[in-house]
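Please read the structure below before turning to the comments.
Here the structure is a predicted model, which means the values were calculated and not measured. Every number for a ligand or one of its atoms is a count from 1 in the order of the listing.
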Amino acid sequence: MNEITLKALAKINLGLDVVRKRDDGYHEVRMVMQTIHLYDMLSVRKSSTPGIQIRSNLSFLPVNENNLVYKAGKLLMEEYGITKGVTVELFKRIPVAAGLAGGSTDAAAMLYGMNRLFGLGLSIRELMERGVTIGADVPYCLMRGTALAEGIGEELSSLPPMVRCPVLIAKPSVSVSTKFVYQNLKLDESTVHPDIHALITDIRKKDFDGICKNMGNVLESVTVPSYPVIAQIKERMLASGAKAAMMSGSGPTVFGLFADNETAKRARKDMRESGLARQVYLTTIYNNRRK
Ligand code: ATP
């Protein structure tokens with residue numbers, strides 16, 4: 001095998017709660033993670049030039065050791081003493097710095113691809129153990145499907161598959177730093193926490209209306225007042241027929257869940273015409289787990 005091409009799938013959070021701030025400054029979370037069929041493409045090819053060469057369709061993205069793909073490649077090359085080089089073509093579609101785990105899923109795809117390309121024989125579990133050293137979301141991106149993430153996001157429990165439905169993604173042009181969001185999150189008696197337990201019960205029961213009702217993201221309490229466009233996108237999605245609309249991760253991407261494809265397509269058109277979002281994609285829930 002000389003080359004492998006992989007899909008690196010994005011995630012949304014159906015639920016995101018911050019339980020507490022730990023003494024070391026990290027936040028303890030409870031997140032319901034869900035893979036969607038919006039993806040970057042990664043082609044990894046063996047090359048006679050040592051090292052890792054990355055080419056990407058986005059000129060602003062780092063292609064050096066700051067790219068998570070590079071970190072993932074380097075990790076396995078060092079551990080297994082791989083002296084051959086690799087060339088990576090990275091075609092990005094997942095909006096960057098958007099709350100969709102774009103970088104983490106690319107790193108996960110790189111770990112998966114290198115394992116196959118060089119016949120390392122590592123299981124998904126073993127890749128996940130390595131992935132966590134690159135980022136808290138990388139193990140989940142290796143696993144895929146529906147899962148509860150606790151701790152700082154790296155403690156995973158798999159959940160039964162989410163109801164399959166159309167998902168509209170809309171990323172406004174504002175940049176929101178994850179650090180800013182967590183630093184400005186106030187946790188006190190007045191904080192409205194999403195009911196993650198109820199959400200999980202609805203997922204187990206395949207109760208689509210219940211899921212839509214119990215979805216929630218505590219980080220919206222920071223981003224919505226700071227970036228009104230997030231609330232505008234949510235309102236617009238709901239007005240065009242979304243059963244629920246919420247920010248993913250620390251934002252600023254908003255996603256909407258729809259009961260049928262025709263309504264979702266009309267909502268995509270409406271969102272594009274509104275000018276509220278720079279990147280708009282219609283995709284679906286993706287439930288195949290990697291084994
Ligand atoms: P999360 O949902 O985990 O918070 P995100 O969607 O907010 O992730 P990413 O798209 O992963 O954020 O990008 C965050 C930063 O990581 C960017 O500023 C970018 O420069 C850097 N980065 C490194 N490698 C990549 C990559 N392969 N794809 C996207 N961004 C990358």
Original post:
Any N or O on Gly251 sitting closer than 3.5 Å to an N or O of ligand 1?
Top reply: no
**OP:** Measure across Arg144 and Arg289 and return the closest heavy-atom pair with its distance rounded to 0.1 Å.
**Re:** O-NH1, 2.6 Å
**OP:** Indicate yes or no: does an N/O atom of Val69 lie under 3.5 Å from an N/O atom of ligand 1?
**Re:** no
Original post:
In the protein, which heavy atom is nearest to atom 17 (C) of ligand 1, and how far is it?
Top reply: Val96 CG1, 3.8 Å
Original post:
Is Ser250 close to ligand 1, meaning an N/O of one under 3.5 Å from an N/O of the other?
Top reply: no
Original post:
In ligand 1, which numbered atoms sit nearer than 4.0 Å to a non-hydrogen atom of Lys92?
Top reply: 28 (N), 29 (C)
Subject >> Interatomic spacing from CD1 in Ile134 to NZ in Lys74 - rounded to 0.5 Å >> reply: 10.5 Å
Subject >> Rounded distance [0.5 Å steps], CD in Glu235 versus OG in Ser274 >> reply: 12.0 Å
Original post:
Can an N or O of Ala97 be found at a distance shorter than 3.5 Å from an N or O of ligand 1?
Top reply: yes
Original post:
Has the side chain of Thr283 got a donor or acceptor atom that lies under 3.5 Å from a matching backbone atom of Val167?
Top reply: no
Subject >> For atom 4 (O) of ligand 1, closest protein heavy-atom neighbour >> reply: Thr178 OG1, 4.1 Å
Original post:
Using 30° and 60° as the class limits, which term best fits the ring planes of Tyr286 and His37: parallel, tilted or perpendicular?
Top reply: parallel
Original post:
For atom 23 (C) of ligand 1, is the nearest protein heavy atom under 4.0 Å away?
Top reply: yes
Original post:
Which ligand 1 atoms, with their elements, are less than 4.0 angstrom from a heavy-atom of Asp137?
Top reply: 3 (O)
Original post:
Is any N or O atom of Leu61, backbone or side chain, closer than 3.5 Å to an N or O atom of ligand 1?
Top reply: no
Original post:
Looking at atom 30 (N) of ligand 1, is any protein heavy atom nearer than 4.0 Å to it?
Top reply: yes
**OP:** Could you please spell out the steps behind the side chain to side chain donor-acceptor pair (under 3.5 Å) verdict for Asn287 and Gln34?
**Re:** CA-CA 8 Å; Asn287 282 322; Gln34 176 61 52; 3.2 Å; yes
Subject >> Atoms in ligand 1 flagged as close to Asn66, the criterion being non-hydrogen separation under 4.0 Å >> reply: 23 (C), 24 (N)
Original post:
If you count the atoms of ligand 1 from 1 in the order shown, which ones are under 4.0 Å from a heavy atom of Gly99?
Top reply: 2 (O), 5 (P), 6 (O), 7 (O)
Original post:
For atom 11 (O) of ligand 1, which protein heavy atom lies nearest, and how many Å away is it?
Top reply: Gly103 N, 2.7 Å
Original post:
Thr35 side chain to Gly145 main-chain N or O, any donor-acceptor pair under 3.5 Å?
Top reply: yes
Subject >> Least distance between heavy atoms, Cys141 atom then Ala108 atom >> reply: CB-CB, 3.6 Å
Original post:
How far is atom 2 (O) of ligand 1 from its nearest protein heavy atom, and which residue and atom is that?
Top reply: Ala101 N, 2.8 Å
Original post:
Heavy-atom distance under 4.5 Å between the side chains of Arg55 and Val88, does that happen here?
Top reply: no
**OP:** Give a yes or no on whether Ile285 and Leu100 share a hydrophobic cluster (residues Ile, Leu, Val, Met, Phe, Trp, Tyr; joining criterion: side-chain heavy atoms under 4.5 Å apart).
**Re:** yes
Original post:
Does some non-hydrogen atom of the protein lie less than 4.0 angstrom from atom 15 (C) of ligand 1?
Top reply: no
**OP:** Work out which heavy atom in Ile211 is nearest to a heavy atom in Leu199; give both atom names and the distance.
**Re:** O-CD1, 3.8 Å
Subject >> Heteroatom distance test (Pro62, ligand 1): nitrogen or oxygen, under 3.5 angstrom >> reply: no
**OP:** Would you mind running through ligand 1 and noting each atom that sits below 4.0 Å from a heavy atom of Asp106?
**Re:** 26 (C), 27 (N), 28 (N)
